[in-house]
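Here's the structure we're looking at; comments come further down.
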Number of protein chains: 2
Amino acid sequence: MTRSVDPATLLPADDERLGVMAKFFRALGEPARLRLLEFLLDGEHSVSDCVEHVGLSQGRVSTHLACLADCGYVTARREGRRTYYRATDPRVAELVTLAHTLTTENHAALATCEKIDSFESDN
Amino acid sequence: MTRSVDPATLLPADDERLGVMAKFFRALGEPARLRLLEFLLDGEHSVSDCVEHVGLSQGRVSTHLACLADCGYVTARREGRRTYYRATDPRVAELVTLAHTLTTENHAALATCEKIDSFESDN
DNA sequence: TCATTATATCCGCATAGGAGAATATGTGAT
DNA sequence: ATCACATATTCTCCTATGCGGATATAATGA
């Protein structure tokens with residue numbers, strides 16, 4: 001039953017687990033989605049509210065929200081022609097808070113990390 | 001002192017905070033880096049150990065490790081010609097654990113999320 | 001100094017995925 | 001049924017970033 005454990009040929013199951021986790025994190029690896037998530041942690045909002053809040057096109061915002069929902073960060077509720085999104089799970093808030101704390105502490109180093117380019121604008 | 005609060009024209013400071021947090025999360029939005037981080041949570045390892053562990057090119061692994069270090073997930077320690085990396089902050093372990101729990105619960109939905117493509121291989 | 005080993009950096013290539021615009025779909029009102 | 005509004009989906013474009021391979025740099029030893 002034991003299968004190859006050649007380090008470089010890792011278990012497929014682990015591959016999948018890591019792939020899923022990576023997706024999960026990548027969902028928050030976008031300023032726009034992070035802003036949306038924080039907005040939705042703050043309370044329930046419709047898509048149009050979100051559009052106004054982040055200032056992106058309606059289509060893009062809709063996609064971002066769907067992404068957050070797929071990842072389990074927020075839940076959607078349809079009411080009439082509107083869809084309301086909200087972040088309910090307190091552990092999500094916990095995750096964001098934890099990240100906020102860690103990034104604040106490490107702000108300097110992170111800001112200069114060029115391996116990942118959020119937007120190294122000139123500020 | 002209060003400045004424009006037009007929702008779509010958000011505070012630059014907030015822009016930067018979100019940009020940095022996004023970077024922080026994006027660092028974990030990659031299966032390879034996630035695998036490396038878990039490996040380093042487990043104990044201290046040299047770059048070559050890591051190369052063997054993840055099975056990617058030495059250069060790539062070095063970059064991934066530098067990225068994790070810049071983001072504050074791991075620390076580097078040079079000893080002779082080798083560099084040893086390790087994840088020390090327990091809050092990092094907490095972050096990973098939390099994500100692991102949440103993704104496990106939501107595995108099904110996440111696996112089908114096509115907004116983000118980790119690798120939707122045919123499994 | 002020169003050789004060897006361990007890391008780090010650079011380069012070109014390929015692709016994931018974000019952006020807006022246009023369009024489709026769903027839903028309540030007339 | 002038709003219209004108007006709210007959201008979702010599709011399209012093309014373009015950039016960020018992962019990858020390997022080559023090379024530069026650092027550190028130890030002869």
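These numbers come from the heavy atoms of this one structure, side chains and all, not from hydrogens, waters or symmetry mates. Computed from a predicted structure; not experimentally measured. Proteins get letters first, then strands, A, B, ... in listed order; numbering begins at 1 in each.
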**Prompt:** When you look at A:Leu65 and A:Cys50, which way does the side chain to side chain contact (heavy atoms under 4.5 Å, CB included) test go after all the steps?
**Reply:** CA-CA 9 Å; A:Leu65 291 170; A:Cys50 292; 4.1 Å; yes
**Message:** Nearest 0.5 angstrom please: B:Arg81 CZ to B:Ser48 OG, how far?
**Reply:** 11.5 Å
**Request:** Evaluate the criterion side chain to side chain donor-acceptor pair (under 3.5 Å) for residue pair B:His64 and B:Glu30; output intermediate values, then yes/no.
**Result:** CA-CA 9 Å; B:His64 279 327; B:Glu30 193 62 23; 5.6 Å; no
**Prompt:** Do A:Leu95 and A:Leu41 sit in the same hydrophobic cluster, where Ile, Leu, Val, Met, Phe, Trp and Tyr count as joined when their side-chain heavy atoms come under 4.5 Å apart?
**Reply:** yes
**Prompt:** Taking NZ, NE, NH1 and NH2 as the nitrogens, is one of them in A:Asp70 or A:Lys23 under 4.0 Å from a carboxylate oxygen of the other?
**Reply:** no
**Separation of atom CG in A:Leu68 from atom C1' in C:dG17, rounded to whole Å** = 15 Å
**Asked** Nearest-Å distance, CG (B:Leu65) to C1' (C:dT9)?
**Response** 14 Å
**Request:** State whether B:Tyr85 places a side-chain N or O below 4.0 Å from either non-bridging phosphate oxygen (OP1 or OP2) of C:dA6.
**Result:** no
**Asked** Out of A:Thr75, A:Asp42, A:Val74, which one pairs with A:Arg86 under the side-chain contact (heavy atoms from CB on, under 4.5 Å) rule?
**Response** A:Thr75
**Request:** Rounded off to whole Å, could you give me the CG-to-P distance for the B:Leu36 and D:dG18 pair?
**Result:** 12 Å
**Interatomic distance where CD belongs to B:Glu30 and P belongs to C:dA16 [whole Å]** = 11 Å
**Message:** What contact category does A:Tyr84 fall into here, base, sugar-phosphate, or nothing, at under 4.0 angstrom with non-hydrogen atoms?
**Reply:** nothing
**Message:** Is B:Thr83 close enough to C:dA8 that one of its side-chain N or O atoms is under 4.0 Å from OP1 or OP2 there?
**Reply:** yes
**Message:** If you only use heavy atoms from C-beta on, which nucleotide in D:dA8, C:dG26, D:dC19 is closest to the side chain of A:Arg81?
**Reply:** C:dG26
**Item:** Ring centres under 6.0 angstrom apart (A:Tyr85, A:Phe39)
**Value:** no
Between the protein and nucleotides 20-24 of chain C, which nitrogen or oxygen pairs come in under 3.5 angstrom?
unit_1: C:dG20; atom_1: OP2; unit_2: A:Ser57; atom_2: N; d: 3.3
unit_1: C:dG20; atom_1: OP2; unit_2: A:Ser57; atom_2: OG; d: 3.3

**Complete:** Output for pair (A:Thr104 OG1, B:Met21 CE), nearest 0.5 Å, gives 8.0 Å
**Request:** Would you tell me if any nitrogen or oxygen in the side chain of B:Arg33 comes within less than 4.0 Å of OP1 or OP2 on D:dG18?
**Result:** yes
**Message:** Please report the distance, rounded to the nearest Å, between CD in A:Glu79 and C1' in D:dC5.
**Reply:** 15 Å
**Message:** For a quick test of reading the model: is some side-chain N or O of A:His64 closer than 4.0 Å to OP1 or OP2 of C:dG17?
**Reply:** no
**Message:** Measure CG/A:Leu28 against C1'/C:dG17 and give the value in whole Å, please.
**Reply:** 16 Å
**Message:** Just the rounded figure in Å: distance from P of D:dA16 to NZ of B:Lys23.
**Reply:** 12 Å
**Request:** State the CD-CG distance between B:Glu105 and B:Leu102, to the nearest 0.5 angstrom.
**Result:** 6.0 Å
**Item:** B:Arg82 side-chain proximity, nearest of C:dA29, C:dT9, C:dA6
**Value:** C:dA6
**Message:** Tell me the interatomic distance from A:Arg77, atom CZ, to D:dT7, atom C1', rounded to whole angstroms.
**Reply:** 15 Å
**Item:** Nucleic acid contacts - residues 39-50 of chain B versus DNA chain C, non-hydrogen atoms under 4.0 Å
**Value:** B:Ser46, B:Val47, B:Ser48
**Approximate separation, where rounding is to 0.5 Å, of B:Asp15 CG and B:Leu18 CG** = 7.0 Å
